[in-house]
A.B. asks: 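I have a structure here, written as structure tokens, and I will follow up with some questions on it.
Order of the sequence lines fixes the chain letters, A, B, ..., with proteins taken first and strands second; residue numbering starts at 1 for each chain. What you are looking at is a predicted structure, and each value in this text was computed from that prediction instead of being measured.
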2 protein chains.
Amino acid sequence: MSESDTTREKIIVAARERFSHYGYPKTTIAELAEDCAMSPGNIYRFFKGKIDIAVEIARREALSAVEVIEAVLDCPLRSSRQRLEEVVFADLRYTFHLLENQPKTLELAQIVVSDRPQFQIESLRRERRVFQRILHEGQASGEFMVDNVPATTIALHAATTKYRYAQLFTNQTLAELERELAHVMTVIMRGLMPTSEGHAVAETQIPDETTALSFAASAVAASDTENRNENEMKTGTEEVSS
Amino acid sequence: MSESDTTREKIIVAARERFSHYGYPKTTIAELAEDCAMSPGNIYRFFKGKIDIAVEIARREALSAVEVIEAVLDCPLRSSRQRLEEVVFADLRYTFHLLENQPKTLELAQIVVSDRPQFQIESLRRERRVFQRILHEGQASGEFMVDNVPATTIALHAATTKYRYAQLFTNQTLAELERELAHVMTVIMRGLMPTSEGHAVAETQIPDETTALSFAASAVAASDTENRNENEMKTGTEEVSS
DNA sequence: TCAGTGAATAATTTATTGATTGTTCATTCT
DNA sequence: AGAATGAACAATCAATAAATTATTCACTGA
């Protein structure tokens, strides 16, 4: 069991290397087998097919992307508003840099999604859970005033669609997108927060790239090498409906 | 001049027919020439190339789509909130039905955009002008309380990205998208409107499909057959920055 | 029994070719 | 002159053949 697990890992490592260098289509099973010093046939004892190797890699990529974002939650001494903003900006920056520096990752994701539409749905759902947790906390502390948390979670997530893998929609620069997103968040925040009469909710400021993310990056780097188990992580809040 | 204009129109009519039936790639210049009872070479006295015929058709399509939406503006006895909501829902429904019933139109648009990226930028800008006009009016009447109208226009437009040609992003049904959009608009409206202390801004209701749109459809149908001039229409408000 | 093999086969991709199509332009009408 | 032609050429596409690749499975060695 443990033996066959390390073999499986070897395949994944080799595949990740080749997929990111040469792309999924140009990588052959025979090459992966050679990298792992085994026969092509043996690969099929660990994966049902070539696409399933890609699915596993994409799955892990998606999980670690959410981990980056979730790390903002563990950052102490922050208001719910700050958390929400940092999560949204982290999402923009993370996916923007991903497409910029690792174009093969997008290709892989597109291949996986076109073959397994459910994959995208689940990735988005995982991301929404983070939003929902923040909304929930903000609601509990009185910082937010929302009458339907699950529905507002979906709304928030939908309204920020443009800022996930933004290069798919536009060829604006990251700086332009950040300025735009600040305006979007300003409107949304005014919609979420109760207005103590008289003074309005302040504009959203573009968060510093280093603040929350250096924290997040180190947290992920630590968890990345260690407890890599197959199970979903526990959620802590109820599901987003739909 | 007038003579060569009607010839040009004949080409466009023939092209629109063939493009929507058989698609852009399967339509040949020879066929268009035959439809117009002329030689292939003569087409090139009116269009620089095949793609330019598609550009002209797409340009008109985009203009008439904005006209559908602009018609909401002429609908009397409506609050700015209602106008904004009706415009956004009209956009969702119009583009949804377009992709559903006229798949070749999407194909054409994608071909045009991949060849002329500027085309998309200008179409989006035209759409934003409608948003901006409503925001402006709402601001003037005191119904909205926005400190930066151009920036908020961009934010509003960006936050509703998912609901333009929604099938490109998701395979949700129209009914699902409408419910979702209602939640998005609820949050946004709370962000735009001043809260008289005590009672909150009401939730967005999904507008009736017939109300504003039957009005709009007839208005466009009327203008569609008649004054078809090449000029841009006058805007009436200042430009959206960027 | 079980991890692993590698030749055989089915499926897909790539290369090649011939046919079609977009575009030009010297020429013909009017 | 300007309007239109259609043969000529280059670019693109479709069809087929050739090569490569994914996948299976009867088999081997621990």
A.B. asks: In terms of heavy-atom contacts, does CZ of A/F119 have more than 12 from other residues, nucleotides or ligands at under 6.0 Å?
C.D. replies: yes
A.B. asks: Choosing from D/dA4, C/dA3, C/dT5, which nucleotide comes nearest the side chain of A/R45?
C.D. replies: C/dA3
A.B. asks: I need the OH-C1' distance between B/Y24 and C/dT21, as an integer number of Å.
C.D. replies: 11 Å
A.B. asks: Grab the CD1-C1' distance between A/I11 and C/dG4 for me, whole Å please.
C.D. replies: 12 Å
A.B. asks: Choose from D/dT21, D/dT23, C/dG22 the nucleotide whose nearest atom is closest to any side-chain atom of A/P40.
C.D. replies: D/dT23
A.B. asks: Just to confirm, is there a sub-4.0 Å distance from OP1 or OP2 of D/dT23 to any side-chain nitrogen or oxygen of A/Y44?
C.D. replies: yes
A.B. asks: Would you call A/D52 and A/R116 a salt bridge, using N to O less than 4.0 angstrom?
C.D. replies: yes
A.B. asks: Taking CE from B/M38 and C1' from C/dT23, how many angstroms apart are they, rounded to a whole number?
C.D. replies: 16 Å
A.B. asks: When you measure from the side chain of B/Q120 to the backbone of B/P117, do you find a donor-acceptor pair of N or O atoms at a distance under 3.5 Å?
C.D. replies: no
A.B. asks: Roughly how many Å is it from CD1 in B/I51 to P in D/dT12, rounded to a whole number?
C.D. replies: 13 Å
A.B. asks: Can you check the B/K26 NZ to D/dT12 P distance for me, whole Å?
C.D. replies: 17 Å
A.B. asks: Whole angstrom is fine here: how far is it from CD1 in A/I29 over to P in C/dT5?
C.D. replies: 14 Å
A.B. asks: Which nucleotide wins on minimum distance to the side chain of B/N42, given the candidates D/dA4, C/dG6, C/dA3?
C.D. replies: D/dA4
A.B. asks: Say whether, by atom type as modelled, one donor and one acceptor occur between the side chain of A/T170 and the main chain of A/A166 under 3.5 angstrom.
C.D. replies: no
A.B. asks: Roughly how many Å is it from CD in B/E31 to P in C/dT21, rounded to a whole number?
C.D. replies: 7 Å
A.B. asks: Give the rounded distance in Å between these two atoms: CZ of A/F46 and P of D/dT24.
C.D. replies: 16 Å
